[in-house]
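Chain letters run A, B, ... following the sequence lines, proteins first, then strands; residues in each count from 1.
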Protein chains: 2
Amino acid sequence: MLDSAEQKIKEAARKILLVKGFDGSRMQEIADEAGVNKAMLNYYFRSKKALFQMVFMEEFGKLFENMITVLLDDCPWEDKIKAFVNTELNHLLQAPQLPLFIINEMSKNPHLMEEKLKSISVGNVFEMAKTKYEKEIQDGKLRNLPFIQFLMNLQSLCIFPILAKPVLMQISKVSDMEYHNLINQRKALVSELLISYMIIK
Amino acid sequence: MLDSAEQKIKEAARKILLVKGFDGSRMQEIADEAGVNKAMLNYYFRSKKALFQMVFMEEFGKLFENMITVLLDDCPWEDKIKAFVNTELNHLLQAPQLPLFIINEMSKNPHLMEEKLKSISVGNVFEMAKTKYEKEIQDGKLRNLPFIQFLMNLQSLCIFPILAKPVLMQISKVSDMEYHNLINQRKALVSELLISYMIIK
DNA sequence: ATTTGGATTAACCATTTGGTTAAACTAAAT
DNA sequence: ATTTAGTTTAACCAAATGGTTAATCCAAAT
């Protein structure tokens with residue numbers, strides 16, 4: 001059932017936890033949002049921690065789907081960068097709370113997602129992408145930059161402006177809509193910056 | 001007095017709040033860390049909120065000192081970028097919890113630092129730096145990129161790898177020391193990336 | 001020696017919070 | 001009609017938490 005109590009709780013928990021985090025969220029608030037009795041949360045999910053971990057795992061998975069898909073695709077790196085930046089920024093514009101949520105909870109408990117990481121075998125994907133990347137370097141098609149640094153650059157330029165939105169909005173005094181436009185502008189700008197630096201012609 | 005109760009509380013509060021945030025911190029824990037009775041926190045700082053705001057304002061100021069100093073300096077932009085990246089990354093390596101703390105609490109309450117921002121007149125500094133920047137563009141010395149986008153790139157590349165350390169460490173499987181080295185490597189890499197893109201020769 | 005005023009403490013309080021439980025409800029199976 | 005098993009609810013509980021207060025301490029001023 002799409003509107004079973006369990007589903008309603010899941011969705012309510014996702015909504016509340018993503019915005020307020022573990023410490024900031026209240027079981028009662030989630031129950032209210034779901035429109036069910038508070039005891040139902042414990043009935044279906046045993047504890048606040050278990051409820052949180054369920055939401056965290058699901059959201060954490062989403063964050064990596066995009067990266068994995070694009071990095072393993074077999075198109076030229078120029079296209080790969082463009083595709084990555086576009087899909088990543090589109091995804092983030094629709095779920096802007098996601099990165100702060102992940103980083104926050106990972107900082108509190110770094111081992112939170114070790115199992116999940118293994119289950120989606122991020123390690124393998126990382127290594128495969130790295131191998132492809134290094135092949136291109138040896139072929140003289142990419143600049144000789146450590147893969148991890150390239151990944152940091154890529155993710156930094158996409159994610160940080162979403163993360164730091166409230167800070168950046170205040171210091172640059174732009175409206176919500178203007179900020180949204182700035183992010184859309186970035187799709188082309190970030191691709192251009194990375195490609196001009198990475199691709200050897 | 002450097003070790004007056006008030007000072008001890010301040011320092012303990014900074015230490016605890018920076019790591020655990022407002023919701024995650026307990027007054028008792030701060031009191032223990034400071035080695036004073038819990039009632040002293042309310043005696044000197046009225047409430048948890050007031051104590052938090054004091055710490056937040058001070059830390060927030062620190063984050064901008066560097067940016068302001070470097071951006072308003074009158075050296076060539078190539079040097080400016082190098083100086084910015086170096087001092088910023090050095091600062092962040094010593095206080096890695098700072099950006100997450102700021103972004104976190106700003107997301108919860110975007111109006112938290114409006115007054116502080118005015119008191120250090122971030123708006124003015126931003127406009128002055130922007131004017132200088134646009135002058136260089138008109139002189140054909142810098143690429144024609146909106147100032148805010150340049151600032152986003154600069155800050156993203158410096159801050160995000162510090163913010164996302166726990167996530168990046170897990171997916172790339174590097175140790176603490178290796179991560180520290182990666183960040184040190186970035187000082188040159190980030191400067192090079194930005195300079196090669198921005199500076200027109 | 002006494003007074004004075006800030007600093008410090010232990011005890012206390014009201015509220016919030018995550019979690020439990022026993023009873024009640026419901027719908028399907030017998 | 002009765003049983004059964006899962007679902008839902010209200011009431012309850014213990015622990016934690018931010019904050020208050022009255023009493024005490026202490027050093028400097030009188």
Side-chain angles (χ1 to χ4, degrees), chain A residues 1-59 97 101 104-109 111-113, chain B residues 1-59 97 101 104-109 111-113:
Chain A
M1 300 295 170
L2 271 177
D3 55 349
S4 70
E6 191 172 349
Q7 270 304 319
K8 284 193 290 185
I9 292 170
K10 246 185 174 179
E11 276 157 41
R14 187 180 347 269
K15 185 172 171 183
I16 305 276
L17 287 170
L18 266 171
V19 174
K20 306 200 171 187
F22 183 83
D23 291 330
S25 299
R26 299 288 156 249
M27 295 292 267
Q28 185 60 60
E29 195 182 357
I30 295 173
D32 292 345
E33 174 75 29
V36 304
N37 187 287
K38 179 168 75 84
M40 299 294 279
L41 309 202
N42 294 296
Y43 178 73
Y44 284 111
F45 298 94
R46 227 187 71 229
S47 68
K48 184 184 184 184
K49 195 173 174 181
L51 180 57
F52 169 81
Q53 291 212 343
M54 196 229 70
V55 170
F56 183 85
M57 289 311 174
E58 288 194 8
E59 296 302 313
Q97 329 90 324
F101 174 72
N104 239 316
E105 306 300 337
M106 282 281 309
S107 298
K108 269 191 234 158
N109 183 2
H111 301 287
L112 204 61
M113 33 59 117
Chain B
M1 299 297 167
L2 272 175
D3 55 348
S4 71
E6 191 172 348
Q7 270 304 318
K8 284 193 290 185
I9 293 170
K10 247 186 172 178
E11 275 157 42
R14 187 181 348 270
K15 184 171 171 183
I16 306 277
L17 287 169
L18 266 171
V19 175
K20 307 201 169 184
F22 183 82
D23 291 330
S25 299
R26 301 286 156 250
M27 294 292 265
Q28 185 61 61
E29 196 182 357
I30 295 174
D32 291 345
E33 174 75 28
V36 303
N37 188 286
K38 180 167 73 82
M40 299 295 279
L41 309 203
N42 294 298
Y43 179 72
Y44 284 112
F45 298 94
R46 227 188 70 230
S47 68
K48 184 184 184 184
K49 195 173 174 183
L51 180 59
F52 169 80
Q53 291 212 344
M54 196 228 71
V55 169
F56 182 85
M57 289 309 173
E58 287 194 9
E59 295 302 312
Q97 329 92 325
F101 175 71
N104 238 316
E105 306 300 337
M106 283 280 311
S107 299
K108 269 191 234 155
N109 182 1
H111 302 288
L112 204 61
M113 33 58 120

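Taking every heavy atom of residues 35-50 of chain A and every atom of DNA chain C, pairs under 4.0 Å involve A:K38, A:A39, A:N42, A:S47, A:K48, by number. Listed by residue number, there are no residues of residues 19-26 of chain B with a heavy-atom contact under 4.0 Å to DNA chain C.
Applying the salt bridge (charged side-chain N to carboxylate O under 4.0 Å, His left out) test to pairs two or more places apart or on separate chains, those with a residue in residues 30-39 of chain A are A:K15-A:E33.
Taking A:Q97 as the reference, nothing meets the side-chain hydrogen bond (donor to acceptor under 3.5 Å, both in side chains) condition, with sequence neighbours excluded. Shown here are the side-chain hydrogen bond (donor to acceptor under 3.5 Å, both in side chains) partners of A:N104, two or more places apart in sequence or in another chain: B:N104. With sequence neighbours excluded, no residue forms a side-chain hydrogen bond (donor to acceptor under 3.5 Å, both in side chains) with A:N37. With sequence neighbours left out, the salt bridge (charged side-chain N to carboxylate O under 4.0 Å, His left out) criterion links B:E6 to no other residue. For the side-chain contact (heavy atoms from CB on, under 4.5 Å) test, residues two or more places apart in sequence or in another chain that qualify with B:D23 are A:D23, B:K108. Scanning for side-chain hydrogen bond (donor to acceptor under 3.5 Å, both in side chains) contacts around A:K48 gives an empty result, with sequence neighbours left out. In this structure A:K10 satisfies the side-chain contact (heavy atoms from CB on, under 4.5 Å) test together with A:Q7, A:F45, A:M54, A:E58, sequence neighbours excluded. Partners of B:F101 by ring pair (Phe, Tyr, Trp, His ring centres under 6.0 Å), not counting sequence neighbours, listed by chain and number: B:F52, B:F56.
Counting all heavy atoms, side chain and backbone alike, B:N42 lies closest to B:S47 at OD1-CA, 3.9 Å.
Look at CD on B:Q28: it is 12 Å from C1' on C:dA10, rounded to the nearest Å.
First and last contacting nucleotides of DNA chain D toward chain B (any atom under 4.0 angstrom from a heavy atom, 5' to 3' order): D:dT17 to D:dT21.
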